Asker: 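This is the structure I have questions about; it appears just below.
Letters go in sequence order (proteins before strands), and every chain restarts at 1. All values derive from a computational prediction rather than experimental measurement.
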Protein chains: 4
Amino acid sequence: MANINIGVIGYGYWGPNIVRNFFSAADCTVKAVADGRPERLAAMNKIFPSIKGVKTGDEIINDTEIDAVVVATPVFTHFALAKKALENGKHVLIEKPMTSTVAEAEELIELATKKGLTLMADHTFLYTGAVRKMKELIDTDIIGTPRYFDSARINLGLFQPDINVLWDLAPHDISILTYLITETPLSINATGISHTHNNIENIAYMTVNYNSDFIAHFNCSWTSPVKVRQTLIGGDKKMIVYNDLEPSEKIRVYDTSYNHTTVLDRNTIMVDYRTGDVYIPKIQLSEALSGVANDFIQSIINKTKPLACAELGMQVVKILEASQESIKNKGKEVKIK
Amino acid sequence: MANINIGVIGYGYWGPNIVRNFFSAADCTVKAVADGRPERLAAMNKIFPSIKGVKTGDEIINDTEIDAVVVATPVFTHFALAKKALENGKHVLIEKPMTSTVAEAEELIELATKKGLTLMADHTFLYTGAVRKMKELIDTDIIGTPRYFDSARINLGLFQPDINVLWDLAPHDISILTYLITETPLSINATGISHTHNNIENIAYMTVNYNSDFIAHFNCSWTSPVKVRQTLIGGDKKMIVYNDLEPSEKIRVYDTSYNHTTVLDRNTIMVDYRTGDVYIPKIQLSEALSGVANDFIQSIINKTKPLACAELGMQVVKILEASQESIKNKGKEVKIK
Amino acid sequence: MANINIGVIGYGYWGPNIVRNFFSAADCTVKAVADGRPERLAAMNKIFPSIKGVKTGDEIINDTEIDAVVVATPVFTHFALAKKALENGKHVLIEKPMTSTVAEAEELIELATKKGLTLMADHTFLYTGAVRKMKELIDTDIIGTPRYFDSARINLGLFQPDINVLWDLAPHDISILTYLITETPLSINATGISHTHNNIENIAYMTVNYNSDFIAHFNCSWTSPVKVRQTLIGGDKKMIVYNDLEPSEKIRVYDTSYNHTTVLDRNTIMVDYRTGDVYIPKIQLSEALSGVANDFIQSIINKTKPLACAELGMQVVKILEASQESIKNKGKEVKIK
Amino acid sequence: MANINIGVIGYGYWGPNIVRNFFSAADCTVKAVADGRPERLAAMNKIFPSIKGVKTGDEIINDTEIDAVVVATPVFTHFALAKKALENGKHVLIEKPMTSTVAEAEELIELATKKGLTLMADHTFLYTGAVRKMKELIDTDIIGTPRYFDSARINLGLFQPDINVLWDLAPHDISILTYLITETPLSINATGISHTHNNIENIAYMTVNYNSDFIAHFNCSWTSPVKVRQTLIGGDKKMIVYNDLEPSEKIRVYDTSYNHTTVLDRNTIMVDYRTGDVYIPKIQLSEALSGVANDFIQSIINKTKPLACAELGMQVVKILEASQESIKNKGKEVKIK
């Protein structure tokens, strides 16, 4: 029976969750955790005495016993660590967002492909019952042709010192968009404001444009007095409201739609509405990160592509990179590479 | 005692509310209502047998007994009707949005000034207890320096045949923004989509930029399965959540703020948070349109400027006009005239 | 074509709604309204100039042109007015609660039967889309065998000078219970408190016991800072939450149930739970009082029994009378007559 | 520096929380945990390898190294275990409800007093920020004289095999009532139903009567499709709504009140209403059970009385015992001993 030995680099905010979930996952063993802060390693060892604590990522990357590496460090360090790990023959799971640039993501994907290694991005939300249910509702044509995706993710949050609010909060929603909507996005408009006057926007808005008449919009803020995590997804048959703050009733399906007809002789549009029942499907509430850990391990063992594959991770970075360019250029449209 | 004779042009969706409120207002008499549809006049006369129904706006405008005219017709007709009424020496109240272009608004304001007549835009929301309370909270420095204004006004609504969703829904929120925030806005970015493929957007997003680091954003849709009418206003001392759908608790004041300090030697930003009590002030729940009617009448009598003055109405049109140009130009920044 | 001439006695809080709905109903004409207060008659005539205002109920009851009488006066006057009207050959609709005692209700029913006249109680809630939908959900066995009915109707309300909070607020919920649950209730326990120290309880609680293991409970208060109008109805297959304050989503059907098995050798009970989807059926939102008016008129014309028949009205009074006796006797069980 | 050695008897649903909180508390060491189920001890040791697992409570009670015992077993075993522990000179903390009968509680209190030992009941809710804030609002006369306490605690819950829903769920709310309201309750009325037909009610209602015109009511159910944990507390100046399911805004203070005047000549009651602002105080959100652990330890060390003292625990049992007698006697009033 296969057993994958895991090393985790970074034991900050998200690290303990990663370690805990890989600890409980089948077919793997967490061997070592790296963090430069002794107090973080001590905290780790109090809970997991069997895991070795090391000071640097290199000690993980160079450890010949380790098969796979989880990179859970600040974004700007992802590329160098992941590259070195892949070069050393390790499978790699990278925290979201995968890299700071599309070029970095492309290079990692190329390297992983060449080496035959699994490269995956930790887009945890794809493993939630709510997102799985929405995928099912879209793929089985329950909501019809998707028309829009409108997401708000705002709260009074920790200002990040190195990345703006879109890079911090939007990856969740962009990964959901990318997973649910198969059409390739065309371009981005983004606006925002930096109240800290350091070009790191704490409020930002982004529109994603498509060749079709689908549209997506994102509203992100670190400075809202209330926490909102809500996405509307409109189809031409039904519409979904996804409220991630609801403890169990996260998905509501509205039997609501509209149709338009062009009345030629009067050159006007007639729009018909329909509103009906609302349906709240029961969704699985198990921990999503456990799904990430299992998918990573099984993808390595079975040489399959994980759900949150590196290509999806790169698509998220493409949108983020374009958003940054649009904000710098005062909101003008930026084509996605 | 003064008595202003009123004529109302247009008895569509909003007309009955206008007639009812002027009917109950002091110091005025509703003399005539014009509508080309006989069944609308019949409906009016069933409730108000004392009011004369006429077929055309001209019959109102040329009626020498009438002192003041309310224009409650589709937007594209506002300018011609209001202009003729002012030329005939009538005071004029125009439904929101005031005109289709800034040039039209300017011409009407000039004409009213020359003639010494009252010109007013029906921005009803300025007369609600909720908006009055927010004005008070801002003017008395309770929330500190305003930092952002973030509004969503979405529902499954009637598609308009001639104006897009921003022209239809955003005037409410733009008028509130203009009333609450004294700084002159600088520029607009707007994006959107027309699912009816007739260049009339049914979903649209707009950012309003300022010289300071204040920012405003608007999210409007006719195609949401849920109705939302919510605005967040963040100050550097406190923050407001204004939910117009709450029956009485429309305004929540959060004792929430954040401060940042630049730590020079480390070139980083330190941000401190504070969260505290929430306060829900009691607000007056009387009908706002009655405030509009009274302000119009008393402004005529006392030769004073109404709250929803024509200049404010024009400011709303300036933002809308710029939004339209931005949408046409794929979201690029458009300076406000 | 039939036309029923209507007289309304009492133009207080509810009177205008009654007059407006009968005014719009088919096959009837509102001829006269009686109220001892001239200002109420003036208010009525301002809206309905065609209706005659009279000072006393007798003028209605003795009017030979009038076929049917609506009694919308304080409860203690219902019996005498309704009796006289029936004796004069009028059909009678009485505001809820129908009478002050069961004996009075019995006498009215006997009289109406003898005279072949329609006698009906204005239990408006039976004519709402929400209650109709719940009736359908129960009658089609969607929720299975009903197990409990738990209602709260509390708010900061007008203290009534003559009847306690159960007589004031509970008739709505008792009529719904009586309509939905066909089993005859057995007994009542009720408790409460009179903060006005005049034996008129402003807070009261009532349990309705049955021969089966069904149970109903009512929580009524005039002194709650928040308004609640919620009823839970549990079946052994599904459960309903009915929230009358929701603008449209009044009914939620939970696919939730539990089953128990007695494990004999261990003498213990095993209970299995099931939770599943939630379903919010679209319900008709038309005005319920219009349904009352139409049912009254058509029952007269077609000599059929209305939904809110006098027998149902009497059943409500039976429960209220027993509750009063139980409160007086410190909550002890009182059998329903 | 003092160090209290702790033994915990019972490692079921609540046990892990108790062990974790005492593990983190100052001035104490968790020495041993007793549970008859080997798999429970194994689960405990996986997390707390330093704690000794033993099979029986006696091994804890007879351990001379142990100073204090936490009894976290089914209710019917509380008395025997606690008695033996006190006799062996241990301080004792007992899970709620403290005992099965008032007589048992009295005997334990007497024994603890004689031995000079700390005896405490684990009424965790008294240590929440929300209950502390309500205590402050009442003790500082913010809400005025309390008039009523109305609590609902319902959900789809685990049916208990040995105690009814009042014994299971109401102790939380009864302990809050007892803590907040200093007046001694007079009597109980309780009703309920056992859908499992084993005299263990799964739905029950209880009224607590007082000599004054204060009233308390409790609504408990294991068979609700929705989870509700809400208490209204009305004072003659203000009113509180306490919703324990709100993540942070648990307490709302309504500036709402009513006053009545008896109008002698008309023998009627005039009631004035006042509604005003709502205020949501920030409350401390730290884990309540940690407060329990600290209070127990410090009460032992400082020979002081804990907040959740045995007398308060007995008062809760008095109300529960009376409720049981009332249910057996079909809801009749039962005096509290």
Side-chain angles (χ1 to χ4, degrees), chain C residues 147-148 150 152 154 156-159 161-162 187 189-198 200 202-203 205 207 209-210 213-215 217 219 221-226 232 234 236 238-241 252-258 260 262 267-271 273 275 278 326 329-333, chain D residues 147-148 150 152 154 156-159 161-162 187 189-198 200 202-203 205 207 209 213-215 217 219 221-226 232 234 236 238-241 252-258 260 262 266-271 273 275 278 326 329-333:
Chain C
R147 289 286 184 231
Y148 66 84
D150 186 341
I154 63 177
L156 196 71
L158 202 60
F159 281 64
D162 53 339
S187 65
N189 295 94
T191 55
I193 198 78
S194 168
H195 286 131
T196 44
H197 300 176
N198 61 348
I200 294 178
N202 54 297
I203 296 176
Y205 305 101
T207 302
N209 308 292
Y210 288 76
D213 63 358
F214 185 81
I215 190 168
H217 188 263
N219 178 341
S221 172
W222 288 326
T223 51
S224 164
V226 283
L232 309 184
D236 62 3
K238 299 201 182 187
M239 301 184 188
I240 297 171
V241 177
R252 297 165 70 99
V253 184
Y254 288 78
D255 189 11
T256 290
S257 69
Y258 56 97
H260 70 277
T262 305
N267 201 26
T268 55
I269 298 291
M270 300 291 289
V271 179
Y273 297 93
T275 65
V278 183
S326 180
N329 287 279
K330 301 192 168 186
K332 83 158 198 179
E333 189 189 23
Chain D
R147 290 285 184 231
Y148 66 84
D150 185 342
I154 64 177
L156 195 72
L158 202 60
F159 280 62
D162 55 338
S187 66
N189 295 94
T191 55
I193 197 80
S194 168
H195 286 130
T196 44
H197 301 176
N198 60 349
I200 294 178
N202 54 297
I203 296 176
Y205 304 101
T207 303
N209 307 292
D213 63 359
F214 185 82
I215 190 169
H217 188 262
N219 177 341
S221 173
W222 288 326
T223 51
S224 164
V226 284
L232 310 185
D236 62 4
K238 299 201 182 187
M239 301 184 187
I240 297 171
V241 177
R252 298 165 69 100
V253 184
Y254 288 77
D255 189 10
T256 291
S257 69
Y258 56 97
H260 70 277
T262 306
R266 293 176 55 203
N267 200 27
T268 56
I269 299 288
M270 301 291 290
V271 179
Y273 298 92
T275 65
V278 183
S326 180
N329 287 279
K330 302 193 168 184
K332 82 158 199 181
E333 189 189 22

Asker: Among C:D213, C:T256, C:I215, who wins on heavy-atom pairs under 4.5 Å with chain D?
Answerer: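 Most heavy-atom pairs under 4.5 Å with chain D: C:D213.
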Asker: If I measure from the heavy atoms of chain D, does C:N189 come under 4.5 Å with its side chain, its backbone, both, or neither?
Answerer: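 Interface part for C:N189: side chain.
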Asker: Side chain, backbone, both or neither: which part of C:I193 has a non-hydrogen atom closer than 4.5 Å to chain D?
Answerer: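 Contact with chain D is through both the backbone and side chain of C:I193.
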Asker: Under a 4.5 Å cutoff for heavy-atom pairs, which residue among D:H217, D:R252, D:K238, D:E333 has the most contacts with chain C?
Answerer: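 Looking at each option in turn, the highest pair count goes to D:H217.
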Asker: Please rank C:N329, C:V226, C:N209 by heavy-atom pairs under 4.5 Å with chain D and give me the top one.
Answerer: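 The option with the most such pairs is C:V226.
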Asker: Among C:A152, C:S224, C:S187, C:S326, who wins on heavy-atom pairs under 4.5 Å with chain D?
Answerer: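 Of the options given, most contacts go to C:S224.
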Asker: Given a strict heavy-atom distance threshold of 4.5 Å, which part of C:N202 is in contact with chain D: side chain, backbone, both, or neither?
Answerer: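 Side chain only.
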Asker: Do D:R147 and C:I203 come within less than 4.5 Å of each other through their side chains, counting heavy atoms only?
Answerer: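 When only atoms from C-beta onward are counted, C:I203 and D:R147 do not touch, as no gap falls below 4.5 Å.
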Asker: By the definition side-chain contact (heavy atoms from CB on, under 4.5 Å), identify the one residue from D:V241, D:V278, D:I240 that meets it with C:P225.
Answerer: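 Going through D:V241, D:V278, D:I240 one by one, the side-chain contact (heavy atoms from CB on, under 4.5 Å) with C:P225 is satisfied by D:V241 alone.
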Asker: Measuring heavy-atom distances to chain D, does C:T275 have an atom under 4.5 Å in its side chain, in its backbone, in both, or in neither?
Answerer: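 Only the side chain of C:T275 comes within 4.5 Å of chain D.
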Asker: Compare all side-chain heavy atoms of C:N219 with those of D:Y205 and state whether any distance is below 4.5 angstrom.
Answerer: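 They are not in side-chain contact.
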Asker: Less than 4.5 Å apart, side chain to side chain, heavy atoms only: is that true for C:L232 and D:I154?
Answerer: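 A side-chain contact under 4.5 Å exists here.
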Asker: Between C:M239 and D:L156, which heavy-atom pair has the shortest distance, and what is it?
Answerer: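 In this case the closest contact between C:M239 and D:L156 is CE-CD1, 4.3 Å.
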